[in-house]
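In what follows, a structure is listed as structure tokens, so that the remarks can point back to it.
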Amino acid sequence: MRVNREDLRDTLGRAMKDLRISVTDRCNFRCSYCMPLDKYEWIERSEILTFEEITRLSRLFVRLGVEEIRVTGGEPLLRHGLEFLVAQLASLDGLKDLSLTTNASLLSEKAAALAQAGLRRINVSLDTVRAEKFRSMTRRDDLANVLEGLTAAKRNGMDPVKINSVIQRGVNDDDILELVEFSRRNGFWIRFIEYMDVGNSNNWVSARMVPKAEILKRIHARYPLKEIGRHDESAPAVNYQFLDGTGNAGVIASVTEPFCAGCTRARLTADGKLVMCLFSDQSCDLKGLMRSGADDEALVERIRSAWSTRKDRYSEERLEAMNSGEYRPSQRRKIEMISLGG
Ligand code: SAM
């Protein structure tokens, strides 16, 4: 069935094409750069959107222009029965792409059900393939499970299987080549992510961020690359092909080469709040409206109004402030990544 999509634009002319849905704020890892806290005010279970509520909202987002949905968290595989949500989303009329971002610790047991439900591709977050370092970075001893999860994704036909690695200086910048080799050897796509100042708990300092140029230089010295560009103009990663023909790599350079101007992403938190930017402290409560009995038109109007007034360009402003020496990450409160969904 054809879906009549609106051409909804924000104040900077950006269309709303992607929706990232956090299905839980819980995570079984404690990565220092994301959610290092042991104590956290977790969202009450009764406040978490049901699969039916998520599907209803997703259908409305598609009507308003969304073409791609990514399921994330917290750790999405902690959400019981996630494959049932995947099946509902995969069958939405007009949705062109559905993906999932996971730490893969539970993937080996879930990959078959997810594939059967209609999940065709997957992004796995993995910052090192060394067991000891994995343990110190995630504070969990799960590397073997993650590696099994990656294999299970491939065995169940997911394609591509992407690996996302956040690189921090002095932590895992010496793992870059090993991650490249691991990915090339196994047919995974590797994407490096510049360490970002998300949330308020990771004590981000720019010195710890390894810029895209440096990541590429290190890879190129061993495995020469050539740029092939972004998948489309709103894709966060710039992609590269290895000149020997084996595989590809990408870098998401949100700090040194911000892409706010091409940002087409909206985010829905596990408790039904609509957030425009990864670095935002503002949200718009869709769950409250929905649970008060609002009809689809009222929900559409709330979403339309939130997107059409969007004006954030946080990463561009951060770069301007960093260049003039005025950037103070702690001065700005943000929603934690674990609540927001990466
Ligand atoms: N638990 C899932 C996972 O591990 O993929 C999904 C949620 S996680 C918040 C999503 C992504 O955000 C992961 O790839 C993670 O590495 C990334 N991320 C978290 N904190 C980050 C930071 N400070 N800078 C860059 N990326 C970050």
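In this chain, residues are counted from 1 in sequence order. Both counts, for ligands and for their atoms, begin at 1 and track the order of listing.
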Output the list of atoms in ligand 1 that are nearer than 4.0 Å to some heavy atom of Ser125, sorted by atom number.
3 (C), 4 (O), 5 (O), 13 (C), 14 (O)
Is the shortest distance from a heavy atom of Glu194 to ligand 1 less than 4.0 Å?
yes
Under-4.0 Å protein heavy-atom contact, atom 8 (S) of ligand 1
no
Counting both backbone and side chain atoms, is some N or O of Glu75 under 3.5 Å from an N or O of ligand 1?
yes
Taking 4.0 angstrom as the limit and counting only heavy atoms of Val166, give me the atoms of ligand 1 inside it, by number and element.
16 (O), 25 (C), 26 (N), 27 (C)
What I'd like to find out is whether the side chain of Asp174 reaches to under 4.5 Å of the side chain of Lys133, using heavy atoms alone.
yes
Atom indices of ligand 1 within 4.0 angstrom of Thr72 heavy atoms, with elements
6 (C), 7 (C)
Numbering the atoms of ligand 1 from 1, which are under 4.0 Å from a heavy atom of Asn103?
2 (C), 3 (C), 4 (O), 5 (O)
Is it the side chain (CB and beyond), the backbone, both or neither of Val124 that lies under 4.0 Å from ligand 1, heavy atoms counted?
neither
Ligand 1 N/O within reach of Tyr33 N/O, cut-off under 3.5 Å
yes
In the protein, which heavy atom is nearest to atom 24 (N) of ligand 1, and how far is it?
Met196 N, 2.9 Å
Taking 4.0 angstrom as the limit and counting only heavy atoms of Val198, give me the atoms of ligand 1 inside it, by number and element.
20 (N), 21 (C), 22 (C), 23 (N)
Which residue owns the protein heavy atom closest to atom 17 (C) of ligand 1, what's the atom, and how far is it?
Met337 CE, 3.7 Å
Answer with yes or no whether Gly74 contacts ligand 1, where contact means a heavy atom under 4.0 Å from a ligand atom.
yes
Subset of ligand 1 atoms that lie under 4.0 Å from at least one heavy atom of Cys34:
9 (C), 19 (C), 20 (N)
